[in-house]
Every structure is written in structure tokens, then in C-alpha cells.
Amino acid sequence: MSDKPHYTLKNKENRRAFIDGMRDGIPIGLGYLAVGFSLGIAAKSAGLTPGQNFLVSILCNASAGQFAGLTLIAAAGTYFGMALITFIANARYMLMSCALSQRLDPNISWWHRLMIAMGITDEIFAVTVSRPGYINPNYTYGAFVIASPMWASGNAIGCFAGNIMPDRLVSALSVALFGMFLAVIIPKARESKIIAGLIAVCFAASYAAAHLPVISEISSGTRVIMLTVALATGAAVLFPHVEQDEEGDDVNVA
């Protein structure tokens, strides 16, 4: 008996999954385009060209990780410091990849797993993990091929615009990036008093570190790394995340 009908059906499923991913990637990409423009302004301030920022954005699909890297570039940080702060800022993607790995067919090849992990962002993870049954990698690829170029294009356009706009206007538009991060932290702060308190502590610690006699002499990039590690570790120890298992019992997840 020929296997052709089976392969034909599989190809149709893969094509359908890829198209579905592209469809769901369009609204994600439009959001990336707008946010990427603001990050492109920050890249211009750090001295990157539009082409360099486009390449950075293609290789680093993470606004927080990319902003952290740009901060260290602007502060003339070391390569090691940049790698470390980017790793810390993007560490959550390892957890997302582990979660998605439980939804993949056990027989799926390792290179599919690597490609999916490379394309994971917060939004792509959300739409992918909501799919029923085993995850078809082609769905993630479809969302990625739409969202990622739009993210990189937004960054390049913002960087290009920053090169031709007056410095006063560039400075004004740079505020939009901080507005994006405020939009991320404010809803969480309203949901949890602990998170709200930790955010306040982070602001206070950052301000103090920039003015204390000894610590202020350390480069700003190194201070960012030190504060990130210290505050994140302290928060995990003092306020471990509590979830409930299937029986309703509390389970601490540091």
C-alpha cells in the first residue's frame, strides 16, 4: 500500500498550521512594529546604524534583552557584561521553551525543537501554547516569519528616523520606550502588592546606586547587572511564587 495519501495529508496539515501561524502573527507583528520604532530610537542614541540594529533585532527577539544590551553599549560595557545581562533578561524564555517541549510530539526532531526555541517570544509563546493537542512546529514558524521581520523593521525604521529627526524630537520619542515598560509593570503592580513594593525598591536601589560614593564609581552597565542579580535573587528567596497543584495544595516555585 502506498504511503502517498498519508504524506499528502501530513503536508496539508503542515501548510494549514503555517498559514494559521502567519494569520495570528499579523497582529503580533503590528504591535512589534510600533514598539520596535521606540527601541530603534534608543539604538540610535547608543550609536547603532539602522542596518546594525536590524541585524541585532533579528538575532535577539526580545525587547527587554535588546534594551539591556543597548544600555550597556551606550555605557561602553564589556562583551561579557552584555552577554550576562542579556542572559538574565531573557532567562524566562528557557522556562517557556521547557513548557512548550511538553506539548511537542516525543518523536519530533531536535532541530525542530531548536528552531522553535529560537523563535519564542512572550506573544508567540502565548498563541502557540493555546493550540490544542500536540504543537505543530509549522504554526510557530508561521507566526515567527511574520512577527520577527516586523520587529526588526520597526527597529530599523526607528533608528533611521532618529538619524534624521532633530535631537529634541528624538529625546521626546525616547520616552515612548519607557512608556512601554510602564505598561508592562503597572498592571502587575496593581495585581500584587508584593510586586508593587519590589518595583519601588528597584527604583530606589537604582537611584541610590547612582549616587553612593563607592558604587557610583562603577560603570552603569555593571551596576545594572549587580542590581538585577541581587534584587531578583532577594525577591525569589523572600517571596517565592506560590501555585496550586491539581489537588488545590500550595506549591512554592522559586
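Closest approach of P137 and I108 over heavy atoms only: CG-CD1, 3.1 Å. The shortest heavy-atom contact between A147 and I28 is CB-CG2, 3.9 Å. Residues P50 and C159 come closest through the heavy atom pair N-SG, 3.6 Å. Of all heavy-atom pairs spanning C98 and S101, the tightest one is O-OG, 2.6 Å. The two residues A152 and S57 come nearest to each other via the heavy atoms CA-CB, 3.6 Å. Across every non-hydrogen atom of N53 and Q66, the tightest pair is OD1-NE2, 3.4 Å.
Taken together through direct or relayed side-chain contacts under 4.5 Å among Ile, Leu, Val, Met, Phe, Trp and Tyr, V145 and I58 form parts of separate hydrophobic clusters. Using a 4.5 Å cut-off between side-chain heavy atoms of Ile, Leu, Val, Met, Phe, Trp and Tyr, with links allowed through other members, L48 and F67 fall into the same hydrophobic cluster. At a threshold of 4.5 Å between side-chain heavy atoms, the hydrophobic network of Ile, Leu, Val, Met, Phe, Trp and Tyr places V129 and M115 in one connected group. Residues I120 and L114 share a hydrophobic cluster, clusters being chains of Ile/Leu/Val/Met/Phe/Trp/Tyr side chains in contact below 4.5 Å. Both L39 and V56 belong to a single network of hydrophobic side chains, linked directly or stepwise wherever heavy atoms of I, L, V, M, F, W or Y lie under 4.5 Å apart.
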Item to complete: Let me see the working for F54 and N155 under side chain to side chain contact (heavy atoms under 4.5 Å, CB included), right down to the final yes or no.
Response: CA-CA 6 Å; F54 183 90; N155 273 269; over 6 Å; no
Worksheet item: Given Y141 and M22, is the side chain to side chain contact (heavy atoms under 4.5 Å, CB included) satisfied, shown in steps?
Response: CA-CA 8 Å; Y141 300 156; M22 293 179 67; over 6 Å; no
Practice prompt. Could you walk me through whether I41 and K44 pass the side chain to side chain contact (heavy atoms under 4.5 Å, CB included) test, one step at a time?
Written response: CA-CA 5 Å; I41 298 293; K44 182 266 179 185; 5.7 Å; no
Worksheet entry | Working for side chain to side chain contact (heavy atoms under 4.5 Å, CB included), residues L227 and S206 | CA-CA 7 Å; L227 288 173; S206 179; 4.3 Å; yes
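Applying the side chain to side chain contact (heavy atoms under 4.5 Å, CB included) criterion to Y139, with sequence neighbours excluded, gives A17, D20, D24, V127, T128, R131.
At a threshold of 4.5 Å between non-hydrogen side-chain atoms, the residues C60 and W151 do not count as touching. Looking at I116 and L100, their side chains come closer than 4.5 Å, going by heavy atoms from C-beta outward. Between L55 and Q52 the shortest side-chain heavy-atom distance does not fall below 4.5 Å.
Residue pairs meeting the salt bridge (Lys or Arg N to Asp or Glu O under 4.0 Å) criterion with at least one partner in residues 100-127, sequence neighbours excluded, are R92-D122.
Taking CG from L231 and CG from L198, the interatomic distance works out to 8.5 Å, rounded to the nearest 0.5 Å. Rounded to the nearest 0.5 angstrom, I194 CD1 and L238 CG are separated by 10.0 Å. Here the NE2 atom belonging to H112 is positioned 8.5 Å from the CG atom belonging to N136, to the nearest 0.5 angstrom.
A donor-acceptor pair under 3.5 Å is formed between the side chain of T86 and the backbone N or O of M82.
Side-chain contact check for E13 and N138: no donor-acceptor pair (N or O, by modelled atom type) lies under 3.5 Å. Side-chain atoms of S153 and Y32 include no donor-acceptor pair closer than 3.5 Å.
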